[in-house]
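I have placed the structure first, in the form of structure tokens, so that the comments after it can refer back to it.
Keep in mind that what you see is a predicted model, and the values were worked out from it rather than measured. Proteins come first, then strands; the chains are lettered A, B, ... in the order of their sequence lines, and each starts at number 1.
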There are 2 protein chains.
Amino acid sequence: MELTRYVSQNRMLVAVDCIIFGFDGQDLKLLLIKRGFNPEKGRWSLMGGFVQPKESFENAAQRVLKQLTGLENVYLEQLYAFGYPHRDPLERTASIAYFALIDIFKYEKQLSSDFHPEWFLLKEIPPLIFDHADMIEMAKEKLRYKAAFQPVLFELLPEKFTLPQLQNLYEGVYESLMDKRNFSRKILSTGLLLKQKQKDKVGSKRGAFYYKLNNKKYRNMFNGFLNFIPYPKKLK
Amino acid sequence: MELTRYVSQNRMLVAVDCIIFGFDGQDLKLLLIKRGFNPEKGRWSLMGGFVQPKESFENAAQRVLKQLTGLENVYLEQLYAFGYPHRDPLERTASIAYFALIDIFKYEKQLSSDFHPEWFLLKEIPPLIFDHADMIEMAKEKLRYKAAFQPVLFELLPEKFTLPQLQNLYEGVYESLMDKRNFSRKILSTGLLLKQKQKDKVGSKRGAFYYKLNNKKYRNMFNGFLNFIPYPKKLK
DNA sequence: TCAAAAGTGTTGTCCTTACACCCATGT
DNA sequence: ACATGGGTGTAAGGACAACACTTTTGA
């Protein structure tokens with residue numbers, strides 16, 4: 001015998017939306033798509049989808065992410081549940097927002113066409129549907145908050161990267177300038193980085209040494225409390 | 001004309017659940033209720049309720065909280081959206097968990113009877129329905145995380161409180177001991193506290209001075225990054 | 001040879017920790 | 001008078017911010 005269901009309560013649609021961050025060595029970017037159906041068809045939007053009956057929210061976000069980027073095993077974290085009644089004018093729809101940090105170079109090899117995805121500079125996000133701009137704002141804030149104490153930004157980098165690239169990344173996230181001497185001392189003192197013998201010759205004539213993550217240490221420290229950003233700074 | 005709805009998608013129930021923290025000057029506590037309906041009738045549970053058609057999640061949480069405690073304008077923050085398919089065995093139900101920090105003494109004056117609420121020591125939480133224990137675990141963690149950098153724990157205190165009480169609170173949240181000299185220096189250096197002339201004579205013969213929050217400063221600092229917990233410590 | 005970016009060391013200041021004694025009062 | 005918890009100061013070490021010059025190399 002089935003117990004009675006929760007009668008006389010209203011059900012609603014539940015979707016996930018993904019705020020997908022990437023970093024090209026210079027600038028922080030977001031991956032957006034052209035919405036393919038009504039309402040708001042053709043406008044820019046976060047990638048999203050409805051949660052299916054047998055799926056957890058996390059699984060739904062992974063599915064949606066894979067659908068767009070082809071990537072799996074990506075850093076994905078629940079951001080916030082958005083649910084005011086008319087956020088989707090057509091029908092009440094809750095959205096569980098996730099933010100993802102991906103290696104933009106892995107993505108660029110993928111060919112995903114249906115959604116007309118495009119990378120936008122974080123500073124040049126176009127108008128978006130519904131409350132997606134709020135979601136992005138919150139994701140930026142959470143990323144700043146989190147990256148201040150945990151080495152999460154490495155998820156945005158390829159296997160090999162240079163210190164100047166890493167500093168660009170931190171400067172982008174915090175929209176501020178940092179002293180390269182203090183920055184490298186602090187980062188290197190964590191012991192997270194392994195210096196490589198090769199240099200990256202793209203960004204400069206002299207070239208900058210590549211580093212890789214010390215993966216074992218990285219996993220151990222991932223949930224620790226560190227102190228990655230400098231105290232309040234003078235900008236020149 | 002109405003646009004087509006999102007046909008062939010499944011809707012689900014959405015509820016809110018509240019993790020309600022209190023502090024009696026000595027220990028951290030949680031407010032739990034006896035669930036009044038099936039399934040799992042009569043077992044301990046977080047206070048919750050279904051989100052109504054015209055309600056945001058935040059409003060639903062406020063409503064539920066007021067229903068139980070009689071309190072409004074309480075510190076309330078979204079924690080996480082729990083949604084794996086069978087968390088409620090009866091029917092798929094998402095739960096948006098909120099955590100609340102309330103002044104336990106304000107509550108104690110309220111008479112709310114229907115739910116058979118009881119305060120439990122945070123260290124002595126009974127078995128709970130569904131995934132409520134996970135919610136509490138996450139709430140504890142988030143409170144620790146947040147209180148490390150923001151003066152959020154004052155939301156748990158009455159208007160007037162003593163430094164030893166405040167220290168008990170921090171020690172309870174971090175399950176560790178702190179040096180009272182360093183603690184008071186650090187707290188007082190924020191300028192958040194206003195010393196009162198009266199003393200609390202309950203906790204000791206000599207009595208401890210009351211302090212009040214400097215509310216203006218409090219509001220300004222609330223979203224700042226501070227450093228409230230000591231670096232790794234030796235416990236005696 | 002010059003322009004452009006990479007790399008590196010020192011110093012002063014402030015924050016943090018560790019630690020011990022006296023004070024006020026109710027019993 | 002004594003037991004209980006409240007209140008305070010100092011010194012040493014570590015972390016942080018400020019700061020400038022040399023190196024490399026492609027054009």
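Using a 4.5 Å heavy-atom cutoff, the side chains of A/Q67 and A/F115 are in contact. By the 4.5 Å heavy-atom criterion applied to side chains, B/I96 and B/D17 are not counted as neighbours.
Along DNA chain D, the nucleotide nearest to B/K195 and the one nearest to A/S204 differ in position, and the one closer to the 5' end is contacted by B/K195. For A/G203 and A/R185, each mapped to the nucleotide of DNA chain C holding its nearest heavy atom, the one lying further toward the 5' end belongs to A/G203.
One can place CD1 of A/I187 at 14 Å from P of C/dG7, the figure rounded to the nearest angstrom. One interatomic measurement links the two molecules: CG of B/N168 to C1' of D/dG6, which rounds to 13 Å at whole-angstrom precision. What separates CG of A/D200 from C1' of C/dA6 is a distance of 11 Å, to the nearest Å. Here the C1' atom of nucleotide C/dC23 and the CG atom of B/L163 are 16 Å apart, to the nearest Å. In this structure, A/K201 atom NZ and D/dA27 atom C1' are separated by 13 Å, rounded to whole Å. The distance from atom CG of B/L188 to atom P of D/dG7 is 10 Å, rounded to the nearest whole Å. When the C1' atom of C/dA6 is taken as reference, atom OH of A/Y211 falls 10 Å away, rounded to whole Å. Nucleotide D/dG26 holds its P atom 10 Å from the NZ atom of A/K199, rounded to whole Å.
Of the candidate nucleotides D/dG9, D/dG6, C/dG9, D/dG6 has the atom lying nearest to any side-chain atom of B/A208.
No donor-acceptor contact under 3.5 Å links the side chain of B/R206 to the base of C/dG26. In the interface, the side chain of B/K180 is paired with the base of D/dG6 through a donor and an acceptor atom under 3.5 Å apart. A/R181 contributes no side-chain N or O that forms a donor-acceptor pair with the base of D/dT22 under 3.5 Å.
No cation-pi contact links B/K195 to B/Y211, judged by a cut-off of 6.0 Å to the six-membered ring centre and 45° from its axis.
In this model, the phosphate group of C/dA3 is not approached by any side-chain N or O of A/K205 to a distance below 4.0 Å at OP1 or OP2.
The existence of a salt bridge linking A/K123 and A/E175 is excluded, since no basic side-chain nitrogen approaches an acidic carboxylate oxygen closer than 4.0 Å.
Pairing each heavy atom of B/L65 with each of B/A100, the nearest pair is CD2-CB, 3.9 Å.
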